[in-house]
Amino acid sequence: RKEVEQDPGPFNVPEGATVAFNCTYSNSASQSFFWYRQDCRKEPKLLMSVYSSGNEDGRFTAQLNRASQYISLLIRDSKLSDSATYLCVVKGGATNKLIFGTGTLLAVQP
Amino acid sequence: EAGVTQFPSHSVIEKGQTVTLRCDPISGHDNLYWYRRVMGKEIKFLLHFVKESKQDESGMPNNRFLAERTGGTYSTLKVQPAELEDSGVYFCASSQVGLVTYNEQFFGPGTRLTVL
């Protein structure tokens, strides 16, 4: 079983739509959680950290449920520029290494 | 400020040959990481340096891979001899060492390695 599981998609949505991505992780000792964004043939870039209380950054809302070991990302009012792969990422307990999901591909259509 | 840089951007070699990848972290970043993505799989951790010391090399696949960071600045990752399954994109990332739990890891553009 993978340490971080994501639906690979693709998610094809029209501009203006709301889209939600989900992710589960297997290691209950994980301490930090993130969403990274990766454009085609580019490097991953941090989109936002995910906190237990939930956090919002503009059109993006991230939530964490430690009991269910579940992380989500909600994108409201999708833009064409949101098209990318969204990576669910977990940081291990005692180490700094990042553990990635396979990513979910989002394609926003005009 | 310059970001993480990696060289070369692409490398095509034959099975059995040697390839050396280079990573220059952001100036002042003591943490340096190597990750790899093989086709169809997730990005996976290879190893972590703090300055010139290997902090965690649990992700290195086998002894054909050798990473160094002499002087605690740039790092090299050598694959010798290369096998077909080594093909993929090799990412380097760097971060500061600090008091906070997580210092963002900034990724380089990656080296795309193809072994024929």
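Convention: sequence-line order gives letters A, B, ...; per-chain numbering from 1.
- Counted within 6.0 Å of CD on A:Glu3, heavy atoms from surrounding residues, nucleotides or ligands total 12 or fewer; the atom is thus considered open.
- Relative ring orientation between B:Phe107 and A:Phe100 is described as perpendicular, the plane-to-plane angle rising above 60° on a 0-90° scale split at 30° and 60°.
- For the pair A:Val90/A:Asn27, no side-chain contact is recorded, criterion being any heavy-atom separation below 4.5 Å from C-beta on.
- Residues of residues 54-61 of chain A placed with any heavy atom under 4.5 Å of a heavy atom in chain B are absent; none qualify.
- Residues that satisfy the side-chain hydrogen bond (donor to acceptor under 3.5 Å, both in side chains) test with A:Thr104, not counting sequence neighbours, are A:Gln6.
- Residue A:Lys2 touches chain B through its side chain alone, counting heavy-atom pairs closer than 4.5 Å.
- Applying the salt bridge (charged side-chain N to carboxylate O under 4.0 Å, His left out) rule to B:Arg69 yields no partners; only residues at least two apart in sequence or on another chain are considered.
- Interface residue A:Gln38: only side-chain heavy atoms are found under 4.5 Å from chain B.
- When the shell of 6.0 Å around OH of A:Tyr51 is examined, it contains 12 or fewer heavy atoms from other residues, nucleotides or ligands.
- For a heavy-atom cut-off of 4.5 Å, chain A lies close to no residue in residues 73-88 of chain B.
- Of the listed residues A:Lys97, A:Lys42, A:Lys45, the one with more heavy-atom pairs under 4.5 angstrom with chain B than any other is A:Lys97.
- Remark: the A:Asn12 side chain and the A:Gln109 side chain contain an N/O donor-acceptor pair separated by less than 3.5 Å.
- Only the side chain of A:Leu87 comes within contact range of chain B, with heavy atoms under 4.5 Å apart.
- A side-chain contact (heavy atoms from CB on, under 4.5 Å) with A:Trp35 is found for one member of A:Ile75, A:Leu46, A:Val89, A:Leu73 and no other, namely A:Leu73.
- Note: B:His10 NE2 to B:Thr111 OG1 = 9.0 Å, rounded to the nearest 0.5 Å.
- The part of B:Tyr35 that comes within reach of chain A is its side chain, from C-beta onward, which places non-hydrogen atoms under 4.5 angstrom from that chain.
- Under the 30°/60° scheme for interplanar angles, the aromatic rings of A:Phe11 and A:Phe21 are found to stand perpendicular.
- Between A:Thr24 and A:Asn22 there is no side-chain heavy-atom pair separated by less than 4.5 Å.
- Contacts between B:Ser95 and chain A at a heavy-atom distance below 4.5 Å are absent for every atom of the residue.
- Within the 4.5 Å cutoff, the side chain of A:Lys91 has heavy atoms near those of the A:Asn96 side chain.
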